[in-house]
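As structure tokens, the structure follows; a few thoughts come after it.
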Amino acid sequence: METMEKKEIKSLTLAELKAEMEQLGEKPFRAAQLYEWMHRKLSRGYGEMSNIPAAMKAKCGERYEYTALKTVTVQKSAVDGTKKYLFALSDGNMVESVWMRYKHGNSVCVSSQVGCRMGCRFCASTLDGLVRNLTPAEMLDQIYAIALETGERVSNVVVMGSGEPLDNYENLLRFLALLTDENGLHISQRNVTVSTCGIVPKMRSLAQEKLQITLALSLHAATDEKRRELMPIANQYSLEELIPCCAYYFEQTGRRITFEYSLVRHVNDSAEDAKTLAALIRGLNCHVNLIPVNPVKERVFVQSERQSVEAFAALLQKKGINATIRREMGRDIDGACGQLRRRFLED
Ligand code: SAH
């Protein structure tokens, strides 16, 4: 007989938890207490929940799964203090997350899937395809585990780790709701960025949610031809659909789009490429983030030279486009998405 999977108690909203507790014959205020232990005090289990009766803990333990990721390794960058975490999930799968310290606060980069099925040519996360989606609790707990380990407040969250968040849409929305909930960590929506390779219908749905989060679009090329060489998703959605979809996101939310553009030497980093890009996004309320591509062992792509990166940025700026060069963090600790997990799986 197939066993029904247990619900994860940390994936439930406060309203749902209240309904569940009622079903268990518990008072509604118990749900608020539990929620506070899980999402504010960041408890790793029921043990420390001192104001919850033992019988109720036992019932919850039987009925729900309590998600608490296990830290497998932590690497700390000697250069900038960036920390990279490898976490084990309850089924033995592993995901990685990154903690970065910036002037404006601490930022955590979370993974949304184990592996990825998008197949971007320069990315390490997708090399073995998609294993499975992460649950809302598994996404949240990357942040909780890091907040506990560092002992510092997390003020920004970017969904830019392994996986395609819009390929795990329902779980992503629930994760965002829990993350920004005033009864939990209460991270401001404005301090959350979700990065996508450009799944147009899901971007439209997200726009209609009218959240105040930032949407980052991984563009990486300014023509369909070049983009298709780098990102298989470009075969499904052309720039002719994608760019108006970005405009739509701004119309619906008032939030400026971020374009991610990883510079690959002799592939997408010429003056011609910069001009084509400027023409493509002219008039859009946007910001361009330029990132020298991170070399991945299994891939042949080479980083653009510093000079080309700077020239590329200057050209965009001259055309009135807001462009910055992203500071690379944690290069000495398998910085690029999916590299730490891969190294672990290979060992
Ligand atoms: N699937 C989402 C989010 C994960 S990747 C997306 O595609 O946006 C986060 C960002 O890192 C994306 O812009 C992605 O294209 C980029 N990226 C992946 N591998 C990289 C590499 N080796 N060097 C530079 N950027 C990379």
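Both counts, for ligands and for their atoms, begin at 1 and track the order of listing.
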G163-ligand 1 polar pair, N/O distance under 3.5 Å: yes
Distance filter under 4.0 Å to C123 heavy atoms, resulting ligand 1 atoms: 18 (C), 19 (N)
Ring pair (Phe, Tyr, Trp, His ring centres under 6.0 Å) between F259 and Y261, intermediate numbers included: CA-CA 6 Å; F259 289 112; Y261 195 103; 9.6 Å; no
Flag for D273-T276: side-chain donor and acceptor within less than 3.5 Å: no
Test log, rule side-chain hydrogen bond (donor to acceptor under 3.5 Å, both in side chains), inputs S162 and S125: CA-CA 5 Å; S162 291; S125 302; 2.9 Å; yes
Atoms of ligand 1, numbered as shown, that sit under 4.0 Å from any heavy atom of C197: 6 (C), 7 (O), 8 (O)
Close side-chain approach of V194 and T214, heavy atoms under 4.5 Å: no
C116 near ligand 1 by a heavy-atom separation under 4.0 Å: no
Residues which pass side-chain contact (heavy atoms from CB on, under 4.5 Å) with N133, listed by chain and number, not counting sequence neighbours: Q113, N168, N171
Among M118, H220, M160, closest by any non-hydrogen atom to atom 16 (C) of ligand 1: H220
Criterion side-chain hydrogen bond (donor to acceptor under 3.5 Å, both in side chains) on E138 and T67, from CA distance to verdict: CA-CA 7 Å; E138 287 169 336; T67 308; over 6 Å; no
Exercise: do N156 and Y102 side chains pair donor with acceptor under 3.5 Å: no
Ligand 1 atoms in contact with E260 (distance to a heavy atom under 4.0 Å): 13 (O)
Contact check, S162 vs ligand 1, heavy-atom distance below 4.0 Å: no
Geometric N/O contact G161 with ligand 1, under 3.5 angstrom: no
Per-residue contact class, L217 against ligand 1 - non-hydrogen pairs under 4.0 Å: neither
Contact check, M231 vs ligand 1, heavy-atom distance below 4.0 Å: no
Polar contact flag for S218 and ligand 1 (N/O pairs, less than 3.5 Å): yes
Residues that I321 engages under side-chain contact (heavy atoms from CB on, under 4.5 Å), provided they are two or more places apart: A278, I281, V288, L316
Interfacing atoms of ligand 1 (cut-off 4.0 Å, heavy-atom, V296): 22 (N)
Within 45° cone and under 6.0 Å: R255 NZ/CZ vs Y249 ring: no
Numbered atoms and elements of ligand 1 in range of V293, under 4.0 angstrom, heavy atoms: 21 (C), 23 (N), 24 (C)
